Every structure is written in C-alpha cells, then in structure tokens.
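In what follows, a structure is listed as structure tokens, so that the remarks can point back to it.
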Amino acid sequence: MANVSEDFELHAFVDGELDSERRRAVEDRLVQHPDKASLVEGWRRQNAALRAAFTHVAQEPLPATMRLGGGSAAGRSGPAAQGHGLIETGVIHWGRPSGATRTMRRVDSLRRNRQRNILSWIMTGLVGVFIAGAALVVFAGSATQPQRPEMIVPAAGFVTRADLTYLTFARDARPVEIASDRLGELAEWLRARTGLARVPDLAPSGLRLIGGRLAPGAASAAGFLLYETTSGGRVGLYFEPIGMAGSPSTPPRATVGLTAIEWRAAGLDFVLIGPLPSEEMQAAAERAAAEILSQRPVANGAGRP
Amino acid sequence: MTQRKDFRGALEALAPGVRRYARALSAGEPPSVADELVLEALQPLREVASNDFPGGESELRLRLYATFTQVAERKLRESASTGPSLRHPVIVHGLADLAFEDREALLLVVLEGFSYDHAAEILGVERDILVGRLVRARTRLSAFDNQPSAPSDGTRRALHLRVVK
C-alpha cells in the first residue's frame, strides 16, 4: 500500500526541495526499493521530455513586439545556445561518500540558472537510471545481479580506468605533469593528444585546478585533470576519445567512497571522480560539461610563450 | 535614466522564459496564441519603475509570472481548442490531457524551475495545494504514456529520454 507522505517526499526529491540530510535518506531508500527508484526515474524522464519539447522557445529571438528597447541582456549566449545534441548521455555511479560534512550546494540553484538549463536536465534526467547502478556499487560483490538498465557504454572498462587513474595520481606527491601555472601549455598538450577543447574552469564550483597529465587510455591517450577544494579534497576529470561501444562483463563501479559521474560530449567520454558529496559532484560535473561546450575564447593562461 | 533602462533589460531578459511557459501551457495551440498572452502580461509592467521592485530581479520574475497567470487563466483556460495535432510530440498531447491548474503547477516547477513556495505564490494558492496539483499532473502523465491509444509507436518514444546507442 503506497505511503502517501513518502511519495510526496519522492516528488520533493526529484524537484530538489529536500535538504541534504533528507535527500540522503531518500537516496538510501531508493537503493533499497527498486520499484520506488523506477517511479522516480519515470518522473525524471518526464521532466526531461518536457524540457526537450519547449526549451527551444526560450532560445528563439524575441518577437519585435516583445522587445522593450532597454539595455538588453538577451545577448546572453552560452552553453544553452549550443544545442543539447552535443551531450549524448550522462551517468552517475555513486559509492557512498564517506561522511563528508562540507557545505552543500543546492543542485536546484544550478538547475534554475538559465545558461545551464539544458545541461542540467540532461544530467538530472538520467540520474534515476542509475539508482540501480548505485546498488551495484554499494553492495559490491553481491551474488545476484540486479536488472541493469540499457545504457550507452563507452569502451569496456572506461570507468575502471578512470577510477584507477584517480587512485594512482590523486594523492601522489607529484600528481600532475603540468601544473596550472602553465595552463596554456597544458591545454595545448591535452588538445593535441586527446582532442580536449578546453580545460574547464571549476573555480565557481569551489575547485581549483592543480594541473593535468596524460594517462593510458584504451586505444589511445587519455587525459586527466586534477582539482582541489579549499579543504583539500581532490577531484579528477578523466577523459578519453570515444571508443567502440561494448558491454563490460561486469557493471562499471567506482571505489566505495567515491562518486563518479560520466558523460559524453564533443567527441570525448568524461568521468568526474572524487570524494565529495553527490550534490557537489553533480554541480561540478554540470559546470565542467558546460565549460567543454562553451564557445568563449580559450584563456591562454600565464606562462604562455 | 539608467535605472529605467536596466529595468527594461531585466524584463526583456525574462520574456523568453515566459514565452516558453506560455507555449507549453497552451499545449498544442498555435504559437501566436501563447505570444499574445505574453504581450498582454508584459504590458502593465512596461511602465513601472525599477524601485517598485526592492526584491530585484527575482521579485520581478515572480510578478511577471503571476501577471501572466492571471491573463492565462482568463483567456486560455476556457478557450475552446481543437487540441494538439498529430505532429506534436506525445508529451504535448499528455499536457493537453491535464487539468489546466495541474498543468500550471507542473510547468512552473519543472519547466521554469520555480521552487514549490514560489510556484504556489505565483498561482496564489497554498503550498500543499500546489504540491497536490503537481503530483496529480505527474501521475496522470505517467498513466497517459502507458495508454495503448497513444498516436503511434514511433511518436511514443518522444516521451522518454532515449539513451543513444
């Protein structure tokens, strides 16, 4: 028998109306109850379909009759204007982050930002699909294999490679090859070897760039950028050129205690991986995705010859 | 007068969002229907000064949507419409199938990104009422999607975000 107040809470969860504590409680409940999780997933898909159907209206030029002749901010372009087709899919795998008590950013404050509307719905629209994935991560080693939703799969082992790369370098004394003080050089190197369009600036999400390096990918070089929070948490952005689709024999998983968010855009598969709470990780991932697609001129950075 | 100029800029920047909301709310009507409603909502706000909105742009946004709500409820709710044509995606048919006030609630929260409290304020109802309408809208949309009488199997897929192969 459906518990009515519980179901109201599920709606509030989907709409970002819960504080972080209740949000975690619902996340835990969804892992335990796949039927509720698929309900939530259905609503998220509904939300995505609604936005997909009408977002274009806000991007059309205003009819002359609606122009007011004032100093217009209508010239705001940005990632939303690039077209949502550039992001093909997104995934969140989460291990339960270990008891972080940092201040949470509300995901909905990002969702309401006009410039990130499209990207937000694409990211959040697919979160629900991976509630089942979360179960696989949290109960690693479980004998039964829960029903896995159909998903686009980057080259087999993609998330595993990202995970390993993160674990290998994030806590090392020399975590990066080129530091952020040579940003132009770093950007050019990564662009030449992997096709990365720009190094995302995640400072507004509280993440300072430490630097980056190459890493072994599947069939060609992968890239790895490392960021740091003010309290020392390290978040990695791993990316590979899109490889051949294949089904891994085991489902992708992040180390328990890490959250991994993957998406595909502009010819690359990306994973943002780190120990921050899932809202912060999601916000940073949305920002990174927006940055990749932005058409702002690339900053040359200090130290460019 | 820089103040008035900035205010008009803010209003103009909000107009695309209201157009989007209006289009969705009219659920399959020709775009001109929605645009006329938006114009009517913008009209009374063109002449007010920016110091009428101490709460800044967010207060202006609430007022604009509230004004639009009044116009829409007057003109759109009762209009005899033929409903969306087959070329519209399934979600639009689903929207047209909803009660007008449930549609308002759903679109304000999902499409325009308002919080429950703000959406309730725009519609002039209590928060609980707003949530009830939103829940009804979602439930009915989910049921609509499962009906075998959807236009055709091809268009049904538009309702779901497809994971691209």
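Residue numbers begin at 1 in each chain, while the letters A, B, ... track the order of the sequences. Bear in mind the structure is a predicted one, so any value in this text is a computation, not a measurement.
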TODO: Without swapping roles, check the side chain of R51(A) against the backbone of V110(B) for a donor-acceptor pair under 3.5 Å.
DONE: yes

- [ ] List in chain and number order the residues that pass ring pair (Phe, Tyr, Trp, His ring centres under 6.0 Å) with Y65(B), two or more places apart in sequence or in another chain; answer none if no residue qualifies.
- [x] Y21(B), F114(B)

Task: Sub-4.5 Å side-chain heavy-atom contact between Q46(A) and F144(B) - done: no

Task: Contact check, side chains of V57(A) and P16(B), non-hydrogen atoms, under 4.5 Å - done: no

TODO: Could I get the full list of side-chain hydrogen bond (donor to acceptor under 3.5 Å, both in side chains) partners for R19(B), not counting sequence neighbours?
DONE: E60(A), D35(B)

Open item on the list: A side-chain contact here means heavy atoms from C-beta on lying under 4.5 Å apart; do L111(B) and N47(A) qualify?
Closed with: no

- [ ] Please tell me if the side chains of L95(B) and F54(A) come closer than 4.5 Å, counting only heavy atoms from C-beta onward.
- [x] yes

- [ ] Using non-hydrogen atoms and a 4.5 Å limit, figure out which bit of V92(B) sits close to chain A: side chain, backbone, both or neither.
- [x] side chain

Open item on the list: Quick check for you: to the nearest 0.5 Å, what is the distance between L39(B) atom CG and M66(A) atom CE?
Closed with: 4.5 Å

Open item on the list: I'd like to know if E17(A) pairs up with R127(B) as an ion pair, taking the criterion as any Lys NZ or Arg NE/NH1/NH2 lying under 4.0 Å from an Asp or Glu carboxylate oxygen.
Closed with: yes

- [ ] Output the distance between atom CG (L134(B)) and atom CH2 (W43(A)), rounded to the nearest 0.5 Å.
- [x] 9.0 Å

Task: Heavy-atom closest contact (I91(B) atom, A53(A) atom, distance) - done: CG2-CB, 3.7 Å

Task: R138(B)/D15(A) ion pair, N-O < 4.0 Å - done: yes

